[in-house]
> 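The structure follows.
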There are 4 protein chains.
Amino acid sequence: MAAARADARRNRETVLRTAMCVFAEEGLGVSLGRIAQRAGVGAGTVYRHFPSKDILVEAVLAEHLESLVGAADRWAARAVPGEALFGFLLEVIDTSAGRLPVCEAITTDGSWPRAVLGAAEQRFHGALERLLRDAQQAGAVRADVRVDDLSALLAGGVAMRSTHRDQTRGSRLVRLTLDALRTPPVTKAFRDRPGKPRHETTAPRHCAECGARLPVRPTGRPPRYCGPTCRQRAHRRSR
Amino acid sequence: MAAARADARRNRETVLRTAMCVFAEEGLGVSLGRIAQRAGVGAGTVYRHFPSKDILVEAVLAEHLESLVGAADRWAARAVPGEALFGFLLEVIDTSAGRLPVCEAITTDGSWPRAVLGAAEQRFHGALERLLRDAQQAGAVRADVRVDDLSALLAGGVAMRSTHRDQTRGSRLVRLTLDALRTPPVTKAFRDRPGKPRHETTAPRHCAECGARLPVRPTGRPPRYCGPTCRQRAHRRSR
Amino acid sequence: MAAARADARRNRETVLRTAMCVFAEEGLGVSLGRIAQRAGVGAGTVYRHFPSKDILVEAVLAEHLESLVGAADRWAARAVPGEALFGFLLEVIDTSAGRLPVCEAITTDGSWPRAVLGAAEQRFHGALERLLRDAQQAGAVRADVRVDDLSALLAGGVAMRSTHRDQTRGSRLVRLTLDALRTPPVTKAFRDRPGKPRHETTAPRHCAECGARLPVRPTGRPPRYCGPTCRQRAHRRSR
Amino acid sequence: MAAARADARRNRETVLRTAMCVFAEEGLGVSLGRIAQRAGVGAGTVYRHFPSKDILVEAVLAEHLESLVGAADRWAARAVPGEALFGFLLEVIDTSAGRLPVCEAITTDGSWPRAVLGAAEQRFHGALERLLRDAQQAGAVRADVRVDDLSALLAGGVAMRSTHRDQTRGSRLVRLTLDALRTPPVTKAFRDRPGKPRHETTAPRHCAECGARLPVRPTGRPPRYCGPTCRQRAHRRSR
DNA sequence: AATGAATGAGGTTTCATTCAT
DNA sequence: GATGAATGAAACCTCATTCAT
């Protein structure tokens, strides 16, 4: 009987792994029959372990999340707080890129019985939260970022990676995007009055003429134009 | 006869608009029967105008793209180059947020007969290209960004917006992400030798202690830490 | 109004002729939409003239039968009784070969409202009957053949012609089969009766060597072979 | 497991047999739903065994052909060459009469994936070929007949039988037609060659009055009528 | 009278799920 | 516990027929 149980567990694993691959390859639309076939088991066996298709999809996602929790722990253990978070986010996006359909099933469709996912999802969010908190305490990440921002950012990153026709540039784009989380370059004054950037809101951030980004400087009169050219042009216009 | 044609066109519009809504609400999985029902027409009528489901989905997407091309033109007409691009990207993401499933059908699944979409897609890409070129010539956007980066970025932005449980913060996150495209703060030296940042590769870009982003300055000795705090902390650790 | 009527009649003709072709080419399964398309008219026009598909099929068959009645009269007018019948049967089979599906719709399926066909069918059977009676009175055809035998024989002939992969041999097979109707070799007493062409029935009708049809001549010794070549070949074989 | 397989096989048989009947009764137009209903199984079961309608039709035909191959072997085993062929052809026509629609699906429509039928069809043609060859070697059948002639002849025979409103006369007509294959009356020299039954071909094979088949006897004067009744009737007529 | 859009029942096919073996 | 055959609802698509223009 123990042997039987071992058999059953092995079968469960097989089905789960197969489903993961097939979902990734052909989308969530594949029939369970196909999965059973690819797993080399009968349709009934799939149903014994996963009483419905939704449950199977959830199990696949939970498995994925679980493995990501492991990755989070590894990153937390071996890197300084900020880099741990960025490393983890990148890894999540990389390993999830092929699984877009599965992820979307969860994120997009609100009709999912969140309860079932619960365990894995909470552990995942917990891990994410810890990494974020540490990174923020280390000052590596903007203070106004929350866990749910990260979730959304992950979804976005996966979408970018999966969508970009050029894998290398897709990767690069994701890194560029993640950098948006980093604490922006700050000055002494800013650092001394944390949370109150001097010009954060009052100073113009873009050239009033051409829209170019203006450099942020903590002191002095904030510029209104990106340079003499634009200033002149605006002056002309104002007459 | 002309009247009959008008009727037909109206019907086509109705079906198209209904399909747009229903796809957005319930995903691409909905049956054509349901769409027909919601549109208040017979199943055959849907079929008459869109001979297959794929064709209907394409039509919905094409319609959407077409409207976006209009938006692109409006932005190009009424804003300075850089802001036109950013405004357009934001609008695309905002108006596409509800249509995630439709967009994904296109971006995710490579099996689409691109030919059919062709017209609308090319016009969309053309518009995107023009906005990007102008923005880059105005120096408002990084020179190393390409159109396909923008496509991927859009997909990512839509995913973020749709995924974030808090709409407001989702919006904010998207804006933050788009800013990654902006030309990074540069100095005179950099501006004079465009494309050749002084320390671009040799200087450390992140604080060696906390990982915070380091300001890039074209002259002087590049800093290793983000500030005295980290320098001190590193010093302590090195003893 | 008279003009309108002429238009309508012309339309009816067009539809009928088109239906004939299309049925012959693609079977009875084709949709009326296709026929309307090929005829260059609207679906409604088809229905105005032929209120249902069955009625259209019947009309096509009736038209065909009507034209065959004409052929029967021509044969009756220009050939000796026996040959008139055989010529007519061959012509029927030849012209019906492409129309197998239509014919079958009538002969096979007992569910047809015979009443509607009535007129054309009766005229056709009448013509057939006359040809048969004359041929039998001339002694060219077995006395025990009835009109319904001929109908069945026609169906069989059409099937053979349509089925045989080799058109030429199909034709030959049909002729061979029709010959089964001819009066079998009879005794001297029978042959001597007046009003009978001398060799009409006793003379061999095909070359005993190669099976080619032999010309029928009322006088002289009937040939056994189609020419010197076959005669020589048979002579050699008999040694 | 074996039991399940046995069940499945039984089900397959049921569906096949039902389809055979229903096709014969109502034509190839019947819906698979109807067949499933008549077979007492679900629509899915039909589909499991025959993944498409075409495949089911083919299977029905293949089954039929297979059974005919058996019949061919039986005839070859128990009759002299010539009679074996004729007996077989008659049996084919008789048993196929009800199945006209199925046969036509094959013979009429060239669009069939012959590959699938292949096996059964080739075996059938092989059997036909053997019977024909033997019959020709025995001199019972014209030397210029080929297998494809027989195929077409069979189609024609089936059409005749199915079409004739009077079954008995239909049968008679078919026999008459098949006789067209027999070696035509030959000359003395030919007749005297050894190994040939005396009256095989020259003696009348059917009653000159009523067309009934005459017994073939190798010796004695061959009868001209099937019995005294017909002889008397013919006598009366000749006066 | 002609057009062709609209209709909707019905056809084939698919597949999640159950159940006998 | 595993198997895979059976089920039947539902999807997509077709087309004979009607009807507004």
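By convention in this document, chain letters (A, B, ...) are assigned in the order of the sequence lines, proteins followed by strands, and residues within each chain are numbered from 1.
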> Given atom CG of D:L28 and atom P of E:dT12, what is their separation to the nearest angstrom?
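Answer to the nearest Å: 11 Å.
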> With respect to the phosphate group of F:dG1, does any side-chain polar atom (N or O) of A:H49 fall under 4.0 Å of OP1 or OP2?
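A:H49 to F:dG1 OP1/OP2: no side-chain N or O under 4.0 Å.
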> To the nearest angstrom, how far is C:L56 atom CG from F:dT17 atom C1'?
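It works out to 14 Å between those atoms.
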> Assuming nearest nucleotide by heavy-atom distance, tell me which of D:P51 and B:R12 is located more 5' along DNA chain E.
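Looking at DNA chain E, the more 5' nearest nucleotide goes with B:R12.
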> So which one's nearest nucleotide on DNA chain F is more toward 5', A:R48 or C:L32?
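Between the two, 5'-proximity favours A:R48.
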> List in numerical order all residues of residues 34-47 of chain C for which some heavy atom is under 4.0 Å away from an atom belonging to DNA chain E.
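Per residue number, the list reads C:V41, C:G42, C:A43, C:G44, C:T45.
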> Please report the closest heavy-atom contact between B:A159 and A:A155, naming both atoms and the distance.
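So the two residues come closest at CB-O, 3.8 Å.
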> Going by the rule side chain to side chain donor-acceptor pair (under 3.5 Å), which residues pair with D:E66 if we only count those two or more places apart in sequence or in a different chain?
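For D:E66, the residues satisfying side chain to side chain donor-acceptor pair (under 3.5 Å) (neighbours in sequence not counted) are D:R123.
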> Between A:Y47 and A:S52, what is the shortest heavy-atom contact and its length?
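Nearest pair, atom of A:Y47 first, then A:S52: CE2-CA, 4.3 Å.
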> Rounded to whole angstrom units, what separation is found between the CZ atom of D:R9 and the P atom of E:dT21?
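That distance rounds to 15 Å.
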> Nearest-Å distance, CG (C:D54) to C1' (F:dC15)?
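So the CG-C1' distance, C:D54 to F:dC15, works out to 14 Å.
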> Just the rounded figure in Å: distance from P of E:dG11 to CZ of D:F50.
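Result: 20 Å.
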> Should D:D7 and D:R10 be marked as a side chain to side chain contact (heavy atoms under 4.5 Å, CB included) after you check the CA-CA gap, both sets of side-chain angles, and the distance that decides it?
CA-CA 5 Å; D:D7 246 33; D:R10 195 157 3 115; 2.8 Å; yes
> When the distance from CZ of D:R10 to P of F:dG4 is rounded to whole Å, what number comes out?
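After rounding, the gap between these two atoms is 18 Å.
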> Could you report the tightest heavy-atom contact between C:H64 and C:S96, atom names first, then the distance?
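Nearest pair, atom of C:H64 first, then C:S96: CE1-OG, 2.9 Å.
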> Atom CD of A:Q37 and atom OG of A:S31: how far apart are they, to the nearest 0.5 Å?
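So the gap between those two atoms works out to 8.0 Å.
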> Return the 5'-most residue of the pair A:V30, D:S31 with respect to DNA chain E, ranking by each residue's nearest nucleotide.
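The answer here is D:S31.
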> Using Watson-Crick and G-U wobble pairs with both distances under 3.5 Å, what is the 5'-to-3' dot-bracket string of DNA chain E, with [ ] for crossing pairs and | for pairs outside the strand?
.||||||||||||||||||||
> Report yes if at least one side-chain N or O of A:N11 is closer than 4.0 Å to OP1 or OP2 of F:dG1; otherwise report no.
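Checking F:dG1 against A:N11, no side-chain N or O comes under 4.0 Å of OP1 or OP2.
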> Rounded to the nearest 0.5 Å, how far apart are CD of C:E58 and CD of C:E121?
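It comes to 10.0 Å.
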> Checking A:E25 against A:R34 for the salt bridge (Lys or Arg N to Asp or Glu O under 4.0 Å) test, could you report, in this order, the C-alpha distance in whole Å, the side-chain angles of both residues, the deciding distance, and whether it holds?
CA-CA 12 Å; A:E25 288 172 18; A:R34 188 156 172 63; over 6 Å; no
> Specify the separation, in whole Å, of atom NZ of D:K53 and atom P of E:dG10.
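One finds 15 Å between P of E:dG10 and NZ of D:K53, rounded.
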> Working to the nearest 0.5 Å, report the span between OG of B:S67 and CD of B:E63.
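Rounded to the nearest 0.5 Å, the OG-CD separation comes out at 7.0 Å.
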